[in-house]
There are 2 protein chains.
Amino acid sequence: MIDHREPAEIIDWLKEEGLDVVKTQLTVGDYIVSNDVVVERKSGNDLTSSIMDNRLFEQINRLYEAASSPILILEDFDSIFKNTSMNPASIFGVLVYLAFRFSLPMIPSRDWRDTALILKRLVLRVQVKDEDPILARSVPKLMTLDERRAFILEGMYNVGPKTAVKLIDAFKTPLGVFQALASTSVVYTRTGNPKGLEGPLANIKGIGVKFVLENRKLIEQGNE
Amino acid sequence: MIDHREPAEIIDWLKEEGLDVVKTQLTVGDYIVSNDVVVERKSGNDLTSSIMDNRLFEQINRLYEAASSPILILEDFDSIFKNTSMNPASIFGVLVYLAFRFSLPMIPSRDWRDTALILKRLVLRVQVKDEDPILARSVPKLMTLDERRAFILEGMYNVGPKTAVKLIDAFKTPLGVFQALASTSVVYTRTGNPKGLEGPLANIKGIGVKFVLENRKLIEQGNE
DNA sequence: CTGTAATCTTTATGA
DNA sequence: TCATAAAGATTACAG
């Protein structure tokens, strides 16, 4: 099954080679070879742009939810560096991440012709029934419960990964954090300068006056 | 640890970057990054020649015996096709085999410089394995207060922009939403099937049993 | 993803 | 005790 937005050349070539091709709309991946094998094809600045807007990791995760053996084809790999202002370190950082964290097989191809060839070989390989994959790798879940709890908190002002985890560690749930924030108040000096905090958040490192003042507006009833 | 036969440029560059490099004789792979990660580097007709004399599969097999997460770097991939009489179909056949059968991650590189960069990023990635527990989410910067409140809720299960706004409209703040969720319960039939909701969320369109059950896990104290 | 700039909190220091 | 400066961490942003 091939997503209908894929290049016509590839589809036509595979048909000419005698493969059963079904053109359809896919919600995950670009090519479905079997129940186990789904292929995502990234060409040129497809890759870089999907890195920059954080879309790539979502796509890869959905690949692994849909199939046990996803494969990524990197088409026209060299051109990836040409039409982008992205740092090569960032690009390889992504590839290393995918290799290390997901053990994701990535196959480079020079053009659509190579890509078609890869797809054909994949189909033939999959059809050889007695050759099952030696290792079906189980990939760790995208987010644990606590990670998702922390993830919610990253919507607040000046809260990134570190602070979010720190807050969840201390108050267990987002609701707990919000309640703690509501019952923390800012202490001022006699001259009216903010001095520090009083309440549940007072003892949390990295949380200060600015944090409380800014985020209270999010949590409490006020309008803008 | 780097096999002593690897290019001096790579070794020197890695040293310049401040990495601890040990030059030695390796019996398996070309680079050992950690106990789990061993890297094999194939450049130009290294690949084709090791395919033709059946040496490649032995090498890959030994990689998997030695480490749980081997990685193959394909250096100067395009040149692989230039100085060989091998059919591209055969070459891709091998890559497909490695991808399908072993789930072997393969990272293409244009030259030794890319390869060195990949190795550096691998070392850094392996070293930070224990931290980096969470993924950051990028907050769109132009946001009103209510938009930001809604954005926080988008961290929950099955909550996108649409549902988030609906919830903020109804309960004003994220704290309000979580409190509403905490005081909403699922009503079951006598046979134990979920029938509906009781509480503040009961009247919200698009919020159902599944939503409450999934997201209550975020609010309650439980672990995973 | 990476690299850099901007921002916040905390600690140190002097008045 | 307060105010300011410097240092350390973390987040925000651009590419």
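Each chain gets a letter, A, B and so on, in the order the sequences are listed, and its residues count up from 1.
As judged by a 4.0 angstrom heavy-atom cut-off over every strand, A/Val209 is placed among residues touching the sugar-phosphate backbone only. Within 4.0 Å (heavy atoms only), A/Phe211 reaches sugar-phosphate atoms of the nucleic acid but no base atom. Using a 4.0 Å heavy-atom criterion, one finds that A/Ile204 contacts the sugar-phosphate atoms exclusively. At a threshold of 4.0 angstrom between heavy atoms, the contacts of A/Leu95 with the nucleic acid are absent.
Side-chain N/O atoms of B/Arg121 include one lying less than 4.0 angstrom from OP1 or OP2 on C/dT2. An OP1 or OP2 oxygen of D/dA3 is reached within less than 4.0 angstrom by a side-chain nitrogen or oxygen of A/Thr191. Within the 4.0 Å cut-off from OP1 or OP2 of D/dA3, at least one side-chain nitrogen or oxygen of A/Asn193 is found. At the phosphate of C/dC1, neither OP1 nor OP2 sits under 4.0 Å from any side-chain N or O atom of A/Arg101. Proximity of A/Lys210 to the phosphate of C/dC8: a side-chain N or O atom is located under 4.0 Å from OP1 or OP2. Listed pair A/Thr163 / D/dT11 meets the phosphate criterion, a side-chain N or O lying under 4.0 Å from OP1 or OP2.
Atoms CE (A/Met52) and P (D/dC13) sit 16 Å apart, rounded to a whole Å. Residue A/Asn215 contributes atom CG, which lies 14 Å from atom C1' of C/dT7 at whole-angstrom precision. The separation between B/Arg137 atom CZ and C/dC1 atom P is 16 Å, rounded to whole Å. In this structure, CZ of B/Arg148 is placed 11 Å from C1' of D/dT11, rounded to the nearest angstrom. Atom P of nucleotide D/dA14 and atom CG of A/Asp53 are separated by 15 Å, given to the nearest angstrom. As rounded to whole Å, 17 Å separates atom C1' of C/dA6 from atom OH of A/Tyr157. A/Met156 has its CE atom 20 Å from the P atom of C/dT7, to the nearest Å. Spacing between atom NZ of A/Lys162 and atom C1' of D/dT10 amounts to 8 Å, rounded to whole angstrom units.
Between A/Arg41 and A/Glu6, at least one side-chain nitrogen of the basic residue sits less than 4.0 Å from a carboxylate oxygen of the acidic one, meeting the salt-bridge criterion.
With B/Arg62 contributing its side chain and B/Thr27 its backbone, the two residues share a donor-acceptor pair below 3.5 Å.
Residues A/Pro105 and A/Leu72 form no side-chain contact, since every pair of their non-hydrogen atoms from C-beta on lies 4.5 Å or further apart. Taking 4.5 Å as the limit, some side-chain heavy atom of B/Arg149 sits within range of a side-chain heavy atom of B/Asp146.
Taking the side chain of A/Lys205 as heavy atoms from C-beta on, and the options C/dT11, D/dG15, D/dT10, the nearest nucleotide is C/dT11. Closest approach to the A/Lys195 side chain among D/dC2, C/dC1, C/dT11 is made by D/dC2 (side chain taken as heavy atoms from C-beta onward). Checked against C/dG3, C/dC8, D/dC2, the side chain of A/Asn158 finds its nearest nucleotide in C/dC8. Comparing C/dG3, D/dG15, D/dT11 by their closest approach to the side chain of A/Asn87 singles out C/dG3.
Residue A/Arg190 is the one, among A/Gly206 and A/Arg190, whose nearest nucleotide of DNA chain D lies closer to the 5' end (criterion: closest heavy atom). Nearest-nucleotide positions on DNA chain C for A/Val212 and A/Asn54 put A/Asn54 closer to the 5' end. Across the interface with DNA chain C, nearest-nucleotide mapping of A/Glu214 and A/Val94 shows A/Val94 to be the residue nearer the 5′ end.
Checked by distance alone, A/Ser90 brings no side-chain donor or acceptor within 3.5 Å of a matching partner on the base of C/dG3.
Geometrically, B/Arg125 does not engage A/Tyr97 in a cation-pi contact defined by less than 6.0 Å to the ring centre and at most 45° from the axis. Remark: A/Arg121 is not positioned above the aromatic ring of B/Phe100, lacking an NZ or CZ atom under 6.0 angstrom from the ring centre and at most 45 degrees off the axis.
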